[in-house]
Amino acid sequence: MINKKPELLSPAGSLESVYAAVANGADAIYLGGKKFNARNFANNFDLNDIEKICDFCHLRGVKVYITVNTLYKESELNEVIDFVASLYTIGVDALIIQDLGLAKVLFKYFPNFPLHASTQLTSNSLSDVNSLYELGFKKIVLSRELNLDEVKYIKENTKAEIETFVHGALCVSYSGQCIMSSMLGGRSGNRGRCAQTCRLPYKLVKKGETIKEGYLLSTKDIQTITILPSLIEAGIDSFKIEGRMKTPEYVAGVTAIYRKYIDLYFSDKENYSVDNEDIKDLLKLFNRGGFSEGYYNSYSGSEMMSIERPKSWGLKLGFVDTYNKKLQKATIRTREDLVPGDGIEFWTKNEPHPGTYINRPSKAGEIITIPLKNEVEKNDVIYKTFDKKLDDELKRSYSKDTRKKEIFAKLKVKKDENMYLNLYDNLGNFVFVTGETAKKAETAPLSKEKIESQILKMGSTPFKIVNLESDVDNDIFVSISSLNNLRREASEKFEQALIKKSKRESVKKLKYQPKQNEPIFKKKMNVLVDSFNKFNIAVTYPLVDLIYVELYDGIEKDFGKISSVCKYEGKKLYIALPRINRDNSYLKVLEGLKDYDFDGFLVRSI
């Protein structure tokens, strides 16, 4: 039986996105500082911003996680530690970490600061997860490439909290293992500077002949509201939405839809169904040729790819019926409503595709005529790329501070006693204040209902009183202003108490002192090979000191020769273990090699 709702974790690449996520139901948000995070080109935050965001979120019961999820150089470590020390004091709820060296330092210096293992750590097996948990990580973000059975098995056999991605971009490579951007463009994804080389056009060539071309490595985004019950029943602790580079409207819309369906499952599990209008809204917000459900229920395939275009497509609107070149007008058949301000794009044979804005409303099914300078052809597909009505609704959703923390109150108004108001929550936080002395009413007493209604008016505060216990005499009088002052003072004190509780005591200046290694004067070379032929080349070079051999197909029949040659040539021999270990199948191969002479293993997974 599922007792606990999964956390809904939303991205925030701007202050507006913070408000959008909070207003639309996020339980937690994740964001990055100006440095040291894997989205270097997002509108990241300085420490003052982060502190304000933490205060804003904590007053509304929302957690804040900071991404410190790139790999660091020795020269940067003290700067990273200083940054983390500030985050610790500010009251950040947890850090998302990739660098295991940094994690080891942080466990030592900040033992009470929760760390989450980034998806960049490529946690794709139970042994990966449990190893990270034993190191001290509280929550593990699994690789996006796992299927639902694997996720469920891991969750059932670990004490760690498990987080998975439920919506947004999907990498073509294994999480944390892609170096394509670094190799082709000198911009490392593990340093937060991915150039998204997988979103570029490529040709697939076989024997000199092009058999496919387009955006061959560009994956569709994932959506999972269609399979959300299965994810919930797998016991996943946190549902993560990708998109720190996306707009606040995207954050608002996606967060609201996932909030709706998580709540729907827990309120009416038997009647869980997905409204097609919500799928359409997700498509309008961002999609690359539709969505896939990721790897949860499938291995891989062309249905996961967006070969025609790597950018957002929008929602299919209709088709061109005719084009009058002389009048520069297109007649189109629509299947969606249109309002002034909507943006549409015509998918012509050649790019760039022409687009325009709508200036008059129409209903789905109508044939409409619009001015268009660019020539189009009959049956060219048209997409709605901007939905004015949806965009306005989403902007309104976070333009006002509507998210309130639910609290409780006890009120006492007794004759000839000071008024008393106690505010508290279900987490053990409380304050109490006293006000003016209540007097016996000489003419018209103030009713209990009127007194209570004044206390319940929390207005622009971040609180909403959901239960008020009151002990009020019948024949008393207090001024409305005194009641307002009592409520105002209590809410201000409660706000201060919550903010104070979320902070931590500052730590003394820390300085990491790296161990000084002995200088190495003799140059040596280590070589990694993945075939017997490559081994035969590498072993002939005098400068090569150590050879790593991958577990390639057929290694069992070659390994006796490899071992003998290395021993004869005085080379060290190591077996390179796989980076990805999901089924332990490599153990069978190792079983056949254990009797040969070799020096050790190259370990490449957690």
Side-chain angles (χ1 to χ4, degrees), residues 20 167-170 196 199 201 214-215 218-223 225-226 241-243 245-258 274-293 303-321 323 330-368 370-374 376-395 397:
H167 195 91
L170 184 69
Q196 297 201 26
R199 304 294 183 191
Y215 299 92
S218 180
T219 52
K220 294 178 181 178
D221 282 20
I222 63 171
Q223 72 77 23
I225 57 172
T226 47
I241 298 167
E242 184 275 338
M245 301 287 285
K246 301 289 201 316
T247 65
E249 292 71 41
Y250 172 91
V251 174
V254 176
T255 300
I257 289 173
Y258 278 83
V274 175
D275 186 340
N276 191 52
E277 291 303 312
D278 289 325
I279 295 289
K280 284 185 179 181
D281 282 349
L282 290 174
L283 289 167
K284 292 173 191 174
L285 289 167
F286 194 93
N287 82 90
R288 295 179 170 98
F291 295 115
S292 77
E293 293 172 350
E303 70 277 1
M304 295 178 68
M305 308 306 292
S306 176
I307 294 173
E308 295 92 339
R309 175 175 172 157
K311 299 177 182 178
S312 185
W313 289 28
L315 181 67
K316 187 177 283 188
L317 171 67
F319 300 88
V320 174
D321 199 43
Y323 181 73
T331 302
I332 62 177
R333 294 163 275 152
T334 67
R335 58 188 196 187
E336 298 290 334
D337 294 348
L338 290 169
V339 301
D342 283 347
I344 64 173
E345 185 176 330
F346 296 79
W347 278 47
T348 51
K349 290 179 181 178
N350 299 312
E351 292 193 67
H353 299 146
T356 188
Y357 285 98
I358 297 298
N359 56 22
R360 65 176 65 177
S362 62
K363 292 292 183 182
E366 289 187 30
I367 297 178
I368 62 174
I370 59 172
L372 188 70
K373 292 182 179 179
N374 305 76
V376 293
E377 296 180 1
K378 183 179 177 64
N379 292 328
D380 279 347
V381 181
I382 308 160
Y383 285 87
K384 184 197 284 191
T385 53
F386 180 75
D387 190 293
K388 180 69 164 55
K389 182 181 177 183
L390 177 62
D391 192 72
D392 288 347
E393 288 174 356
L394 294 174
K395 279 187 168 69
S397 75

What side-chain donor-acceptor pairs closer than 3.5 Å can you find for residues 346-362, not counting sequence neighbours?
| unit_1 | atom_1 | unit_2 | atom_2 | d |
| --- | --- | --- | --- | --- |
| Thr348 | OG1 | Asn350 | O | 2.8 |
| His353 | ND1 | Glu345 | OE2 | 3.2 |

[atom1]-[atom2] distance between [X] and [Y], expressed to the nearest 0.5 angstrom:
{"X": "Lys395", "Y": "Leu390", "atom1": "NZ", "atom2": "CG", "result": "10.0 Å"}
{"X": "Lys384", "Y": "Ile382", "atom1": "NZ", "atom2": "CD1", "result": "12.5 Å"}
{"X": "Glu293", "Y": "Met304", "atom1": "CD", "atom2": "CE", "result": "10.5 Å"}
{"X": "Ser292", "Y": "Met305", "atom1": "OG", "atom2": "CE", "result": "10.0 Å"}
{"X": "Ile222", "Y": "Phe291", "atom1": "CD1", "atom2": "CZ", "result": "10.0 Å"}
{"X": "Phe386", "Y": "Leu315", "atom1": "CZ", "atom2": "CG", "result": "14.0 Å"}

So, for [X] and [Y], which heavy atoms are closest and what is the spacing to 0.1 Å?
{"X": "Asp221", "Y": "Arg288", "value": "OD1-NH1, 2.5 Å"}
{"X": "Gly289", "Y": "Ser306", "value": "N-OG, 4.1 Å"}
{"X": "Val376", "Y": "Ala330", "value": "CG2-CB, 4.2 Å"}
{"X": "Lys389", "Y": "Asp342", "value": "N-OD1, 4.3 Å"}

salt_bridge(Lys388, Asp391) N-O dist < 4.0 Å:
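No salt bridge links Lys388 with Asp391.
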
I'd like to know if Lys363 pairs up with Glu366 as an ion pair, taking the criterion as any Lys NZ or Arg NE/NH1/NH2 lying under 4.0 Å from an Asp or Glu carboxylate oxygen.
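No salt bridge links Lys363 with Glu366.
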
Side chain to side chain contact (heavy atoms under 4.5 Å, CB included) involving Ala256 - partner list, sequence neighbours excluded:
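For Ala256 the side chain to side chain contact (heavy atoms under 4.5 Å, CB included) partners, ignoring immediate neighbours, are Asn24.
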
Greater than 12 external heavy atoms within 6.0 Å of Lys378's NZ
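Yes - once you tally the heavy atoms of other residues, nucleotides and ligands closer than 6.0 Å, there are more than 12.
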
Exactly one of Val274, Asn287, Ile257 should register a side-chain contact (heavy atoms from CB on, under 4.5 Å) with Ile279. Which one does?
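Of Val274, Asn287, Ile257, side-chain contact (heavy atoms from CB on, under 4.5 Å) with Ile279 is met by Val274 alone.
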
Would you check if the side chain of [X] reaches a backbone N or O of [Y] as a donor-acceptor pair within less than 3.5 Å?
{"X": "Arg199", "Y": "Thr219", "value": "yes"}
{"X": "Ser218", "Y": "Ile307", "value": "no"}
{"X": "Glu242", "Y": "Ala169", "value": "yes"}
{"X": "Tyr250", "Y": "Leu282", "value": "no"}
{"X": "Thr385", "Y": "Gly343", "value": "yes"}

Can the positive tip of Lys246 be found less than 6.0 Å from the middle of the six-membered ring of Phe286, inside 45° of the ring normal?
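Yes, Lys246 lies over the aromatic ring of Phe286.
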
How would you list, by chain and number, every residue that makes a salt bridge (Lys or Arg N to Asp or Glu O under 4.0 Å) with Asp380, sequence neighbours excluded?
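Salt bridge (Lys or Arg N to Asp or Glu O under 4.0 Å) check on Asp380 returns nothing, list empty.
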
